[in-house]
Amino acid sequence: MAKRDYYEVLGVAKGASDQEIKKAFRRVAMKYHPDRNPDNEDAGEKFKEAQEAYEILGDQEKKAAYDRFGHAGVDGNAGAGGFGGAGFSDVFGDVFGDIFGGGGRGRSGPARGSDLRYDLQLDLEDAVKGKTVQIEIPTMVHCETCDGSGARPGTSPTSCNHCGGSGQIRMSQGFFSVQQTCPHCGGRGQIISDPCGDCHGQGVVEERKTLSVKIPPGVDTGDRIRLAGKGEVGPNGGPAGDLYVQMHVRDHAIFVRDGSHLHCEVPISFAQAALGGELEVPTLSGKVKLKVPHETQSGKLFRLRGKGVAPVRGGGAGDLLCRVVLETPINLSAKQRELLEDFDKSLAGKGKHSPRTTSWFDGVKKFFDNLTN
């Protein structure tokens, strides 16, 4: 029987990428896997066909030969490994390892430890100016009592009888032979008969470390600092991972940060807005004078250049943007109310004093006139 085109078997175009080919094989293999189709004899043949196709198209050299010469260029390679063959063993472990619990290959040796994360809360002032802080973190370190071996001092781990010290065992899955982490030794290849009393055979113990972290000026929420080698120690004597200090800047009572700029609201009285004058406003480096011109409207934005934040990645400081907000007086005395009423009467009918109000009412009148017409 003539063989079908390998691209047709996997359902991909000839120019498909390695990732697309792998994804297609996974889909077809999952559909026709014999363990999922115990009563379908045709499924086993289709699965073998998909295996053969991926064994060729998943290898760059074989794929190139197939693209040039067709089946004639790879007939000596296709299916050479059979169901337990070494060639497909790599393919199977790569694509289906997560499904069947397959582990890595070979004995588990020293591995890099896990990275850790520490969430650091900072005040805005400290984030802008920089600061050195002390942090305490719980982490796993090598047990000094057993020097990380996990065995009681004076004893040694013995080779695992189930995996022969390799840390891996081979298990059958239907037609396949799958390599998995040995469940008896956890992939270490060794059994600890007399565990260390301090680490209970783990080779690591928990310890709290105090570290000094230098926070550079200008950091913001979301920035992080990497401390190399300050994470958890690696299994089986491996190197430690890294510690990432994640920045979280607390909300400020006065300022709101927007990148390199700062924003704040400055309340002013009616008299200050109408007559103008100078206001004393805060910045992160001290107080400054803000000149408010007469007839300033509520919501007016004033920019103080260079009074913002210098970004941590370099560049000039941003600006401080002050928005003046008119504050209505409260708790008025009878005399104050009388004065305000007299003042309001003096403005009545004189639109030149309230141009925005006059314009607004003119717009409202025009709106209703249009509705009635």
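- Ring planes of H71 and Y66: perpendicular class, angle over 60° (limits at 30 and 60°).
- Of the possible donor and acceptor atoms, one in the side chain of R323 sits under 3.5 Å from a partner among the backbone N and O of G299.
- When atom types are taken as modelled, the side chain of D115 and the backbone of D242 share a donor-acceptor pair closer than 3.5 angstrom.
- Residues satisfying the side-chain hydrogen bond (donor to acceptor under 3.5 Å, both in side chains) test with R68, not counting sequence neighbours, are none.
- Atom CD in E45 sits 9.0 Å away from atom CD in E49 (nearest 0.5 Å).
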Open item on the list: Pair C322, L304 - check side-chain contact (heavy atoms from CB on, under 4.5 Å), show working.
Closed with: CA-CA 8 Å; C322 301; L304 300 179; 4.1 Å; yes

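- L321 and L279 fall into different hydrophobic clusters, where Ile, Leu, Val, Met, Phe, Trp and Tyr side chains are chained together by heavy-atom contacts under 4.5 Å.
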TODO: Show the numbers, then the answer: is there a side-chain contact (heavy atoms from CB on, under 4.5 Å) between L116 and E232?
DONE: CA-CA 7 Å; L116 296 178; E232 284 195 350; 3.7 Å; yes

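- No continuous path of hydrophobic side-chain contacts links Y244 to L120 [ILVMFWY only; heavy atoms under 4.5 Å].
- A donor-acceptor pair under 3.5 Å is formed between the side chain of T221 and the backbone N or O of V249.
- In this structure, the side chain of Q336 engages the main chain of S333 through a donor-acceptor pair within 3.5 Å.
- For CG of D251, the number of neighbouring non-hydrogen atoms (other residues, nucleotides, ligands) closer than 6.0 Å is 12 at most.
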- [ ] Before giving the answer on side-chain contact (heavy atoms from CB on, under 4.5 Å), spell out for D220 and V312 the whole-Å C-alpha distance, their side-chain angles and the decisive distance to 0.1 Å.
- [x] CA-CA 8 Å; D220 200 357; V312 68; over 6 Å; no

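- Rounded to the nearest 0.5 Å, atoms CD (E20) and NZ (K22) are 13.0 Å apart.
- Residue H162 qualifies as open at atom NE2: its count of foreign heavy atoms under 6.0 Å is 12 or below.
- Note that the CZ atom of R152 and the SG atom of C199 stand 10.0 Å from one another [nearest 0.5 Å].
- One N or O on the side chain of H261 and one on the backbone of D319 form a donor-acceptor pair closer than 3.5 Å.
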Open item on the list: One pair to check against side-chain contact (heavy atoms from CB on, under 4.5 Å): T158 and S193. What are the steps and the verdict?
Closed with: CA-CA 8 Å; T158 57; S193 328; 4.2 Å; yes

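- A donor-acceptor contact closer than 3.5 angstrom links the side chains of Y6 and E52.
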- [ ] Decide yes or no on ring-ring contact (aromatic ring centres under 6.0 Å, His included) for F255 and H263, but give the supporting numbers first.
- [x] CA-CA 6 Å; F255 302 109; H263 295 258; over 10 Å; no

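- One distance of note links CG of L262 with CG of L124; it measures 6.0 Å at 0.5 Å rounding.
- Comment: D223 engages R313 in a salt bridge, judged by a side-chain N to carboxylate O separation of less than 4.0 angstrom.
- Using a distance-only test at 3.5 Å, with no hydrogens or angles considered, no donor-acceptor pair links the side chain of D342 to the main chain of L339.
- Across every non-hydrogen atom of S298 and V325, the tightest pair is OG-CA, 3.7 Å.
- Listed by chain and residue number, S212 satisfy the side-chain hydrogen bond (donor to acceptor under 3.5 Å, both in side chains) test with Q134 (two or more places apart in sequence, or in another chain).
- The neighbour count for K209 NZ, taken as heavy atoms of other residues, nucleotides or ligands under 6.0 Å away, is above 12.
- Residues V219 and V133 share a single hydrophobic cluster, defined by chaining ILVMFWY side chains whose heavy atoms lie under 4.5 Å apart.
- Ionic pairing of K63 and D67 is present here: one or more N-O contacts between side-chain nitrogen and carboxylate oxygen are shorter than 4.0 angstrom.
- With rounding to the nearest 0.5 Å, the separation of CD in E338 from NZ in K335 is 5.0 Å.
- A salt bridge links R117 with D119: the closest approach of a Lys/Arg side-chain nitrogen to an acidic carboxylate oxygen falls below 4.0 angstrom.
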